Amino acid sequence: MEQQNEHIVRSYEEELALLNNKIAKMGGLAEKVLGQSLEALERRDPDLAAATIGEDEEIDELQRDIEEQAVVMIARRQPMAYDLRQIMASLRISADLERIGDLGKNIAKRAVAVVTEQQPKQLMLGLKHMGELSLGQLKEVLDAFIERDAERALSVWYKDEEIDAMYNSLFRELLTYMMEDPRNIGLCTHLLFGAKNIERVGDHATNIAETVYYLVHGRPITDQRPKGDTTSSTAYTSLRSSAF
């Protein structure tokens with residue numbers, strides 16, 4: 001009987017390890033899709049963009065696999081406390097990674113759309129810097145999950161404002177370009193959507209940070225969530241000013 005119980009425990013630990021490995025693989029794919037989409041946009045490379053768009057399907061398949069395994073484990077094992085949090089964390093993080101994959105795919109589509117456009121160097125530098133920051137945040141928070149490092153996750157959580165600040169600045173620059181010359185509207189609209197997708201990646205990295213913190217401590221982060229996206233009021237103010 002004791003030997004049977006040891007086998008059950010060992011099997012359960014193996015299942016949890018498999019779940020963690022799937023999250024790690026999914027995270028690696030999300031990083032790859034995001035990184036390639038940013039590179040395709042910077043280089044205006046339609047071939048790389050097309051390849052990146054196709055890779056999102058593997059992320060979707062992994063999310064479905066993780067969901068199925070989590071449901072089976074909950075039904076069969078009836079986990080409690082930390083064990084249950086591990087399974088629920090995997091479900092939450094896989095959902096955020098799936099959305100990051102979608103956002104990366106959307107950025108790649110923007111790269112295809114602007115391939116023939118002449119892109120202002122300063123704007124592209126801002127977009128590149130913002131993309132590098134969001135990709136760095138994603139890598140950091142995934143490492144925090146693997147290591148169960150709540151403080152590292154909290155550091156990512158607080159840094160979301162940096163991405164928002166960069167997005168606000170880039171948004172104003174793009175709006176200025178559009179108001180100065182209507183011929184810039186098409187290009188700048190695609191870049192605006194690309195920048196918004198990057199900003200949303202930062203939001204999902206922040207979600208993952210909250211999940212990691214809850215996984216480790218069993219309680220949510222109590223501080224007010226950092227948020228600095230002011231573009232809704234910026235757009236209104238800029239358009240109102242240009243009307244007079």
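Just so it is clear, the values below take in all heavy atoms, side chains as well, and ignore hydrogens, waters and symmetry mates. Here the structure is a predicted model, which means the values were calculated and not measured.
Between M26 and E98, some side-chain heavy-atom pair lies under the 4.5 Å cut-off. Between R85 and M80, the closest side-chain pair of non-hydrogen atoms is not below 4.5 Å. Using a 4.5 Å cut-off on side-chain heavy atoms (C-beta onward), V201 and L135 make no contact. Using a 4.5 Å heavy-atom cutoff, the side chains of L97 and S94 are not in contact. Using a 4.5 Å heavy-atom cutoff, the side chains of K25 and E58 are in contact. Annotation: side chain of S90 is not in contact with side chain of Q86 (no heavy-atom distance under 4.5 Å). Between L170 and L123, the closest side-chain pair of non-hydrogen atoms falls below 4.5 Å. Within the 4.5 Å cutoff, the side chain of T52 has no heavy atoms near those of the K105 side chain.
In this structure, R152 is not positioned above the aromatic face of Y213 in the sense of NZ or CZ being under 6.0 Å from the six-membered ring centre and within 45° of the axis.
Looking only at atom types and distance, the side chain of R77 has a donor-acceptor partner in the side chain of S11 under 3.5 Å away.
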Please test D60 against D102 for side chain to side chain contact (heavy atoms under 4.5 Å, CB included), starting from the C-alpha separation and ending with a verdict. CA-CA 9 Å; D60 294 341; D102 286 344; 4.2 Å; yes

Worked verdict on I107 versus F193 for side chain to side chain contact (heavy atoms under 4.5 Å, CB included): CA-CA 8 Å; I107 294 168; F193 279 114; over 6 Å; no

Kindly indicate, with the supporting measurements, whether the criterion side-chain hydrogen bond (donor to acceptor under 3.5 Å, both in side chains) is fulfilled by R148 and N20. CA-CA 11 Å; R148 302 299 194 261; N20 284 333; 3.1 Å; yes

Working note: K22 + Q69, criterion side-chain hydrogen bond (donor to acceptor under 3.5 Å, both in side chains); need CA distance, chi angles, decisive distance, verdict. CA-CA 10 Å; K22 288 176 182 176; Q69 183 183 341; 2.7 Å; yes

Between E15 and R76, does the salt bridge (Lys or Arg N to Asp or Glu O under 4.0 Å) criterion hold? Intermediate values first, please. CA-CA 12 Å; E15 288 178 11; R76 182 186 299 163; 3.5 Å; yes

For side chain to side chain contact (heavy atoms under 4.5 Å, CB included), just list the numbers for Y214 and R92, CA-CA rounded to whole Å, side-chain angles, deciding distance to a tenth of an Å, and then say yes or no. CA-CA 11 Å; Y214 181 77; R92 290 179 181 178; 4.3 Å; yes

Take E55 and Q36 through the test side-chain hydrogen bond (donor to acceptor under 3.5 Å, both in side chains) and record every step on the way to the result. CA-CA 10 Å; E55 286 176 351; Q36 287 183 174; 3.1 Å; yes

Evaluate salt bridge (Lys or Arg N to Asp or Glu O under 4.0 Å) for E199 paired with K196, printing each intermediate quantity in order. CA-CA 5 Å; E199 188 268 337; K196 184 59 182 178; 3.0 Å; yes

Does the side chain to side chain contact (heavy atoms under 4.5 Å, CB included) test come out yes or no for M124 and L191, once each step is laid out? CA-CA 9 Å; M124 293 311 298; L191 295 182; 4.1 Å; yes

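Between the side chain of T211 and the main chain of N207, a donor-acceptor pair closer than 3.5 Å is present. The main-chain N or O of G131 is found under 3.5 Å from a side-chain atom of S134 such that the two form a donor-acceptor pair.
Heavy atoms from other residues, nucleotides or ligands lying under 6.0 Å from CD of E132 number more than 12. No more than 12 heavy atoms of other residues, nucleotides or ligands lie within 6.0 Å of NE2 in H129, so this atom counts as exposed by the packing criterion.
The nearest pair of heavy atoms linking A49 to A108 is CB-O, 3.4 Å. When every heavy atom of G202 is checked against every heavy atom of I163, the shortest pair comes out as CA-CD1, 3.8 Å. Residues V156 and A205 approach most closely at CG1-O, 4.3 Å, considering heavy atoms. Between L48 and R43, the shortest heavy-atom distance links the atoms CD2-NH1, 4.2 Å. Across all their heavy atoms, A144 and A153 have their closest contact at CB-N, 3.7 Å. Residues P46 and V115 come closest through the heavy atom pair CD-CG2, 3.7 Å.
Test L38, L133, L103 against I198 for side-chain contact (heavy atoms from CB on, under 4.5 Å) and you get one pass: L38.
Taking CD of Q137 as the start and NE2 of H204 as the end, the distance is 14.5 Å to the nearest 0.5 Å.
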